[in-house]
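Reviewing the structure listed below.
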Amino acid sequence: MEPSSSPFSSIPEVQALFASDHYIADRPLALTLKLAVDLQKPVLLEGEAGVGKTEVAKVLARALDTPLIRLQCYEGLDASTALYEWNYARQILHIRMAEQNPAARANLEQTIFDDRFLLNRPVLAAIRHPGPRPAVLLIDEIDRADEEFEAFLLEVLSDYQVSVPEIGTFKATLPPYVILTSNRTRELNDALKRRCLYLWVDYPSVQKEREIIAQRVPALDPSLRAAIARTMQALRAIDFYKRPGIAESLDWSRALLGLGVQTLSAEVLLETAGVVLKYHDDIERLRALDVAALITGPGA
Ligand SMILES: Nc1ncnc2c1ncn2[C@@H]1O[C@H](COP(=O)(O)OP(=O)(O)OP(=O)(O)O)[C@@H](O)[C@H]1O
Ligand SMILES: [Mg+2]
């Protein structure tokens with residue numbers, strides 16, 4: 001594809017489009033997305049829970065003014081759920097009706113496997129998306145699916161075509177922009193990784209987290225916002241079983257706003273610990289720490 005045909009003229013433009021949708025995209029992310037769109041390569045976003053991976057695909061679709069088609073992965077997800085299924089109920093109805101009519105009965109085999117009876121599941125829907133622009137296909141939490149599913153995906157992502165034996169082959173005229181996310185509960189197949197542009201989505205810096213809170217919870221007082229961002233950093237430095245992500249700092253910001261909290265204190269943190277930490281052991285661990293030091297700690 002010629003650079004001039006790119007929907008994104010520059011990296012700052014990607015950042016600006018994302019910012020206008022309240023998503024703070026740092027340069028590595030914006031660069032990866034621009035490359036993905038220009039080179040038509042899938043992007044693999046890996047990172048801890050709640051760092052903003054899924055949201056990238058949603059914001060990208062809005063920035064490109066195109067639909068987001070989402071495939072949520074889980075253990076046991078199979079190719080047919082991802083691609084297509086036949087609408088058996090409608091097919092049976094069609095057969096019943098054809099039985100009344102000898103002409104229709106003769107043609108039954110041709111008419112029964114018609115596009116009308118095909119249920120386009122996310123991957124096929126993305127491949128068949130008529131435009132005007134390619135769809136964004138989000139393959140969320142691919143690490144939860146089985147390895148066989150990864151192998152199947154690899155095939156689809158290599159030529160963007162899907163064959164439905166009874167009908168024929170569908171090849172994308174507008175190959176979708178593909179975003180894969182993984183929480184890295186297991187390593188993905190090398191072949192799949194090789195096909196993608198890879199980006200590790202890290203926890204944000206204090207400054208970035210302040211900006212995110214400002215964007216998402218604008219009513220929050222700036223000094224409380226700064227205290228939350230600092231405390232989140234301190235909390236993430238502790239090796240909790242499950243460290244809090246950006247999702248948790250936004251929840252916490254909204255919670256403190258709703259409670260009318262003016263200043264962050266050890267009491268407030270302990271009282272609202274369940275907004276930030278989701279494991280009993282982690283909360284117990286927090287209680288055993290010098291909580292006041294977490295809030296007023298280095299950089300306070
Ligand atoms: N850079 C950012 N700018 C603005 N909001 C952000 C940013 N990163 C994350 N968020 C917000 O944080 C929340 C969590 O993001 P998201 O659900 O995308 O995380 P995730 O990495 O997909 O998490 P999980 O692994 O749990 O699915 C969302 O509300 C999202 O809008
Ligand atoms: Mg997600």
Side-chain angles (χ1 to χ4, degrees), residues 11-34 36 42-63 68-75 77 122 136-145 177-188 196-220 222 225-226 228-229 231-233 235-236 240-258 274-279 282:
I11 296 164
E13 193 206 342
V14 180
Q15 291 179 291
L17 276 167
F18 272 57
S20 70
D21 205 0
H22 308 291
Y23 191 97
I24 310 294
D26 49 23
R27 195 177 157 86
L29 174 64
L31 181 140
T32 305
L33 294 174
K34 174 156 167 52
V43 177
L44 170 60
L45 299 175
E46 236 179 11
E48 305 292 340
V51 291
K53 303 178 299 294
T54 300
E55 189 75 12
V56 168
K58 298 183 187 169
V59 179
L60 180 68
R62 288 195 290 264
L68 173 77
I69 299 176
R70 179 174 185 166
L71 176 67
Q72 177 63 50
C73 299
Y74 52 86
E75 213 183 312
L77 171 65
V136 171
L137 173 63
L138 166 63
I139 301 172
D140 213 12
E141 305 187 349
I142 175 71
D143 52 327
R144 292 188 186 208
Y177 302 122
V178 182
I179 306 277
L180 297 116
T181 79
S182 163
N183 282 8
R184 214 189 186 189
T185 56
R186 64 172 176 86
E187 280 303 326
L188 301 179
C196 300
L197 300 174
Y198 176 84
L199 186 71
W200 174 257
V201 184
D202 217 337
Y203 291 120
S205 63
V206 193
Q207 195 207 334
K208 183 175 167 189
E209 194 146 27
R210 271 202 313 260
E211 282 178 51
I212 294 172
I213 299 172
Q215 283 293 321
R216 301 271 165 164
V217 194
L220 194 73
R225 177 201 307 156
I228 290 175
T231 306
M232 291 307 287
Q233 297 283 324
L235 287 170
R236 288 187 198 124
F240 287 122
Y241 174 66
K242 184 75 193 57
R243 287 183 196 151
I246 298 170
E248 283 74 19
S249 44
L250 292 177
D251 282 347
W252 202 28
S253 302
R254 292 186 190 108
L256 299 191
L257 183 67
V275 182
V276 180
L277 298 171
K278 306 297 166 77
Y279 284 84
D282 286 348

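Atoms within each ligand, like the ligands themselves, are counted from 1 in listed order. In what follows, every heavy atom counts, from backbone to side chain, and hydrogens, waters and symmetry copies are set aside.
- Of all protein N, O or S atoms, those under 2.8 Å from the Mg ion (ligand 2) number 1.
- One finds the NZ atom of Lys208 at 12.5 Å from the CD1 atom of Ile213 (value rounded to the nearest 0.5 Å).
- Ion pairing between Asp140 and Arg70 holds under the 4.0 Å rule for side-chain N and carboxylate O.
- In this structure, Lys53 contributes its side chain and Leu44 its backbone to no donor-acceptor pair below 3.5 Å.
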Are there any protein N or O atoms under 3.5 Å from the N or O atoms of ligand 1? List them with distances, or say none.
{"from": "ligand 1", "atom 1": "1 (N)", "to": "Ile24", "atom 2": "O", "distance (Å)": "2.8"}
{"from": "ligand 1", "atom 1": "3 (N)", "to": "Ile24", "atom 2": "N", "distance (Å)": "2.9"}
{"from": "ligand 1", "atom 1": "5 (N)", "to": "Arg216", "atom 2": "NE", "distance (Å)": "3.2"}
{"from": "ligand 1", "atom 1": "18 (O)", "to": "Lys53", "atom 2": "N", "distance (Å)": "3.3"}
{"from": "ligand 1", "atom 1": "18 (O)", "to": "Thr54", "atom 2": "N", "distance (Å)": "3.2"}
{"from": "ligand 1", "atom 1": "18 (O)", "to": "Glu55", "atom 2": "N", "distance (Å)": "2.8"}
{"from": "ligand 1", "atom 1": "19 (O)", "to": "Gly52", "atom 2": "N", "distance (Å)": "3.0"}
{"from": "ligand 1", "atom 1": "21 (O)", "to": "Val51", "atom 2": "N", "distance (Å)": "3.1"}
{"from": "ligand 1", "atom 1": "21 (O)", "to": "Gly52", "atom 2": "N", "distance (Å)": "3.0"}
{"from": "ligand 1", "atom 1": "21 (O)", "to": "Lys53", "atom 2": "N", "distance (Å)": "2.9"}
{"from": "ligand 1", "atom 1": "21 (O)", "to": "Lys53", "atom 2": "NZ", "distance (Å)": "2.7"}
{"from": "ligand 1", "atom 1": "22 (O)", "to": "Thr54", "atom 2": "N", "distance (Å)": "2.9"}
{"from": "ligand 1", "atom 1": "22 (O)", "to": "Thr54", "atom 2": "OG1", "distance (Å)": "2.8"}
{"from": "ligand 1", "atom 1": "23 (O)", "to": "Gly50", "atom 2": "N", "distance (Å)": "2.7"}
{"from": "ligand 1", "atom 1": "25 (O)", "to": "Lys53", "atom 2": "NZ", "distance (Å)": "2.9"}
{"from": "ligand 1", "atom 1": "25 (O)", "to": "Asn183", "atom 2": "OD1", "distance (Å)": "2.9"}
{"from": "ligand 1", "atom 1": "25 (O)", "to": "Asn183", "atom 2": "ND2", "distance (Å)": "3.1"}
{"from": "ligand 1", "atom 1": "26 (O)", "to": "Gly50", "atom 2": "N", "distance (Å)": "3.2"}
{"from": "ligand 1", "atom 1": "27 (O)", "to": "Glu141", "atom 2": "OE2", "distance (Å)": "3.2"}
{"from": "ligand 1", "atom 1": "31 (O)", "to": "Arg216", "atom 2": "NH1", "distance (Å)": "3.0"}

Verify side chain to side chain contact (heavy atoms under 4.5 Å, CB included) between Glu55 and Phe18, making sure each step is shown before the conclusion.
CA-CA 11 Å; Glu55 189 75 12; Phe18 272 57; over 6 Å; no
Check the pair Leu188 / Asp143 against side chain to side chain contact (heavy atoms under 4.5 Å, CB included), numbers first and verdict last.
CA-CA 7 Å; Leu188 301 179; Asp143 52 327; 4.2 Å; yes
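- Applying the side-chain hydrogen bond (donor to acceptor under 3.5 Å, both in side chains) rule to Arg236 yields the partners Glu209; only residues at least two apart in sequence or on another chain are considered.
- Listed by first and then second residue, the side chain to side chain donor-acceptor pair (under 3.5 Å) pairs involving residues 11-22 are Ser9-Glu13, Asp21-Arg62, His22-Gln215 (not counting sequence neighbours).
- Side chain of Asn183 to backbone of Ala49: no donor-acceptor contact under 3.5 angstrom is found.
- Here Leu257 contributes atom CG and Arg225 contributes atom CZ; the two are 11.0 Å apart, rounded to the nearest 0.5 Å.
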